[in-house]
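Quick caveat: nothing in here was measured; it's all calculated off a predicted structure. When reading the values below, keep in mind they use all heavy atoms of this one structure, side chains included, and skip hydrogens, waters and symmetry mates.
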Amino acid sequence: QVKLVESGGGSVQAGGSLRLSCAASGYTYNCMGWFRQAPGKEREGVAAISTGGSSTYYADSVKGRFTISQDNAKNTLYLQMNTLKPEDTAMYYCAAQSWCRRPLEHNDYNYWGQGTQVTVSS
């Protein structure tokens with residue numbers, strides 16, 4: 001059974017940091033990503049990583065601030081978020097698919113976690 005479980009969300013002031021985790025089970029994913037959705041907005045791709053971490057992909061809005069990584073031994077995906085801004089406030093989701101054909105396109109992902117809330121105050 002495929003299962004993705006996020007953790008690590010919370011409330012932080014602007015300029016602060018958070019690290020999200022996503023524990024994966026049930027399948028070996030070659031492409032995993034982080035997405036976010038703010039109220040009234042469409043879900044957007046934040047970052048993605050391909051097999052063994054050989055390639056990483058970032059939305060322009062988070063480049064230089066966020067880092068995606070994975071620990072294959074623990075089957076865990078991470079998103080280190082630094083220099084957080086109020087506009088980063090959203091529900092963050094972990095997702096997985098077989099191949100990173102369009103890494104930041106949420107419609108391509110088959111499996112999703114339940115989400116973890118990130119709130120950044122000014």
Can you give me the closest heavy-atom contact between Tyr92 and Glu6, atom names plus distance? O-OE2, 4.1 Å
Less than 4.5 Å apart, any side-chain heavy atom of Met32 and any of Cys22? yes
Would you check if Ser69 and Gln80 make a side-chain contact, meaning some heavy-atom pair closer than 4.5 Å? no
If you define the side chain from C-beta out and look only at heavy atoms, does anything of Leu18 sit under 4.5 Å from Val118? yes
Are Gln117 and Thr89 close enough that some pair of their side-chain heavy atoms sits under 4.5 Å apart? yes
Decide whether a cation-pi geometry holds between Arg36 and Tyr93; the criteria are a distance under 6.0 Å from NZ or CZ to the six-membered ring centre and an angle within 45° of the ring axis. no
Would you mind reporting whether Tyr57 and Ile68 have side-chain heavy atoms less than 4.5 Å apart? no
Measure from the side-chain N and O atoms of Thr119 to the backbone N and O of Ser11, and report whether any donor-acceptor pair falls under 3.5 Å. no
Treating Arg43 as the side-chain partner and Gln37 as the backbone partner, does any N or O pair qualify as donor plus acceptor under 3.5 Å? no
Can you find a pair of side-chain heavy atoms, one from Tyr78 and one from Gln70, that are under 4.5 Å apart? no
Working to the nearest 0.5 Å, report the span between CD of Gln114 and CE of Met91. 8.5 Å
Closest non-hydrogen contact found for Gln97 with Asp108 is OE1-O, 3.2 Å
What's the spacing between Cys31 SG and Arg102 CZ if we round to 0.5 Å? 11.5 Å
Verify side-chain hydrogen bond (donor to acceptor under 3.5 Å, both in side chains) between Thr76 and Asp71, making sure each step is shown before the conclusion. CA-CA 5 Å; Thr76 302; Asp71 184 333; over 6 Å; no
So which atom in Ala59 and which in Gly45 form the shortest heavy-atom distance, rounded to 0.1 Å? CB-O, 3.3 Å
In Å, rounded to the nearest 0.5 Å, how long is the span from SG of Cys100 to CD1 of Ile49? 8.5 Å
Show, in sequence, the C-alpha distance, side-chain angles and deciding distance for Asn75 and Tyr29, and conclude whether the side chain to side chain contact (heavy atoms under 4.5 Å, CB included) test is met. CA-CA 9 Å; Asn75 289 328; Tyr29 310 107; over 6 Å; no
Run the ring-centre check on Phe66 versus Trp34 and record whether the distance is less than 6.0 Å. no
How close do Ser17 and Thr83 get, heavy atom to heavy atom, and via which atoms? OG-N, 4.3 Å
Does the side chain of Glu87 come within less than 4.5 Å of Val120's, by heavy atoms? no
Would you say that Tyr58 contacts Thr67 through its side chain, given a criterion of any heavy-atom pair below 4.5 Å between the two side chains? yes
Charged N to carboxylate O below 4.0 Å: is that the case for Lys85 and Asp88? no
